[in-house]
Protein chains: 2
Amino acid sequence: MRTVEAILEAMHERGCRVTGPRRVIVEFVLEQCEPFSAEDVFRALRRVQQTIGRATVFRTLDLLAELGVVERVHHPSGTHRYVVSSDGHRHHVVCIRCGRVAEFSGCNLEPILASIADQTRFRILDHWLELSGLCQTCQGETMAVSR
Amino acid sequence: MRTVEAILEAMHERGCRVTGPRRVIVEFVLEQCEPFSAEDVFRALRRVQQTIGRATVFRTLDLLAELGVVERVHHPSGTHRYVVSSDGHRHHVVCIRCGRVAEFSGCNLEPILASIADQTRFRILDHWLELSGLCQTCQGETMAVSR
DNA sequence: GATTAGTTGATACTGAGTATCATAAGGAGC
DNA sequence: GCTCCTTATGATACTCAGTATCAACTAATC
């Protein structure tokens with residue numbers, strides 16, 4: 001797990017300035033354990049620091065994505081979410097009822113990717129596996145209330 | 001490959017009306033062999049039929065997605081694209097340079113999904129595997145022009 | 001042909017994200 | 001600590017994708 005200071009240091013090494021707003025955003029982002037939108041960050045920080053600008057939030061999240069601190073996740077709505085990237089390669093399952101997200105590791109897609117590369121003649125550089133379903137809680141509820 | 005008439009018939013069976021705009025949109029969609037945005041459809045059809053409305057295009061594409069005629073694909077920009085779906089369960093590889101899309105079948109994810117369900121306690125209902133990379137043509141080009 | 005419920009298109013709106021630009025402030029060098 | 005230069009900021013206005021509304025229209029059933 002990276003610390004706020006380590007991330008700000010990485011920014012500095014990259015030739016970026018360590019500013020108040022960036023520090024506040026990094027601190028906020030590291031506290032999140034669920035995916036969040038830029039708007040979430042903006043709204044939460046507005047409550048703490050009235051003056052922070054929307055553009056700054058977007059810019060800083062872009063920077064954090066470039067630094068590998070967060071990852072952009074596509075949301076079915078078509079908007080971006082961000083997740084703090086943990087070590088290793090991870091994916092998410094989204095609950096279609098309550099929106100809860102679970103992470104899982106070890107997707108072991110390599111053999112599949114190899115056969116696809118073969119089939120399509122593409123060089124596969126990235127993959128995005130997104131699952132949806134019902135979390136444990138909502139499984140119970142849907143027994144009663146059928147959808 | 002489905003025909004325009006078969007699709008309009010499916011709409012009718014579903015209790016939807018077969019209207020002029022829907023016919024025009026279905027005809028246009030079936031001609032596409034590359035992914036397209038709703039805006040693409042709107043602009044192309046506006047040239048042919050001045051009066052078609054933006055909302056109608058979005059609504060009809062939604063309907064076609066429900067009927068399984070087209071599939072929604074996420075685009076790195078965060079907007080939706082549509083592709084005409086062929087038979088069976090298929091996924092796509094999108095070229096990050098030219099936007100070309102290749103389909104592939106036989107994703108064989110079942111063992112992986114089972115282990116994920118086990119790990120997360122979710123009941124997995126749907127999965128979405130989307131790959132990005134370089135198509136054969138762009139692989140050649142990037143050798144010369146490094147990115 | 002009359003009826004009626006689904007569909008349309010114009011319009012205005014929302015929400016995410018970007019462009020612009022004058023002002024503020026980090027930090028390197030002294 | 002101070003200066004200066006450059007980057008970063010935030011307010012604002014904008015774009016773009018997609019949605020909501022609603023009166024007018026029309027497909028399809030009788």
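All heavy atoms count here, side chains included; hydrogens, waters and symmetry mates do not. Lettering of chains follows the sequences in order, A, B, ..., and the numbering in each one begins at 1. Worth saying up front: this structure is predicted, and the values here are computed from it rather than measured.
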Can you name the salt bridge (Lys or Arg N to Asp or Glu O under 4.0 Å) partners of A:Asp40, sequence neighbours left out?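 Per chain and number, A:Asp40 pairs via salt bridge (Lys or Arg N to Asp or Glu O under 4.0 Å) with no residue.
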Holding to salt bridge (Lys or Arg N to Asp or Glu O under 4.0 Å), I want the full list of residues that pass it with A:Arg23, two or more places apart in sequence or in another chain.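 If we apply the salt bridge (Lys or Arg N to Asp or Glu O under 4.0 Å) test to A:Arg23, skipping adjacent residues, the hits are A:Glu5.
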Give [X] one of three labels, base, sugar-phosphate or nothing, depending on what nucleic acid heavy atoms sit under 4.0 Å from its own.
{"X": "B:Thr51", "value": "sugar-phosphate"}
{"X": "A:Arg22", "value": "sugar-phosphate"}
{"X": "B:Arg23", "value": "nothing"}
{"X": "A:Thr56", "value": "base"}

Rounded to whole angstroms, how far apart are CD on A:Gln49 and C1' on D:dA8? 14 Å
To the nearest angstrom, the CZ-P distance between B:Arg59 and D:dT21 comes to 12 Å
Bend angle of the helix from C:dG1-D:dC30 to C:dC30-D:dG1, from helix axes over five pairs at each end, nearest 10°: 30°
Residues two or more places apart in sequence or in another chain: which of them pass side chain to side chain contact (heavy atoms under 4.5 Å, CB included) with A:Arg81? A:Pro35, A:Ser37, A:Val73, A:His75, A:Ser77, A:Thr79
Could you list the residues that satisfy side chain to side chain contact (heavy atoms under 4.5 Å, CB included) with B:Val24, not counting sequence neighbours?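 Scan of B:Val24 (side chain to side chain contact (heavy atoms under 4.5 Å, CB included), adjacent residues dropped) gives B:Leu45, B:Gln49.
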Any sub-3.5 Å donor-acceptor pair from A:Thr56's side-chain atoms to A:Ile52's backbone N or O?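 Looks like no, no N/O pair under 3.5 Å.
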Keeping A:Ser85 on the side-chain end and A:Glu71 on the backbone end, is there a donor-acceptor pair under 3.5 Å? no
Outermost DNA chain C nucleotides near chain B [under 4.0 Å, heavy atoms]: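 So the contact region on DNA chain C extends C:dA5 to C:dA10.
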Inter- and intrachain pairs under salt bridge (charged side-chain N to carboxylate O under 4.0 Å, His left out), touching residues 44-59 of chain B, at least two apart: B:Glu39-B:Arg54
Please encode protein proximity along nucleotides 13-19 of chain D as a string of B, S and -, counting only heavy-atom distances under 4.0 Å. ----SBB
With sequence neighbours left out, what residues match B:Glu9 under side-chain hydrogen bond (donor to acceptor under 3.5 Å, both in side chains)?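 Here no residue qualifies.
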Exercise answer: donor-acceptor pairs, residues 12-22 of chain A side-chain atoms, under 3.5 Å, sequence neighbours excluded:
unit_1: A:Arg14; atom_1: NH2; unit_2: A:Glu66; atom_2: OE1; d: 2.6
unit_1: A:Thr19; atom_1: OG1; unit_2: A:Arg22; atom_2: N; d: 3.3
unit_1: A:Arg22; atom_1: NH1; unit_2: A:Arg17; atom_2: O; d: 2.8

Report the residue (A:Thr19 or B:Thr60) whose heavy-atom-nearest nucleotide on DNA chain C is the more 5′ of the two. B:Thr60
Over all atoms of both residues, closest heavy-atom pair of B:Phe122 and A:Cys135: CZ-CB, 3.5 Å
Scan residues 8-17 of chain A against DNA chain C and write down, sorted by residue number, each residue with any heavy atom closer than 4.0 Å; if none is found, say none. A:His12, A:Arg17
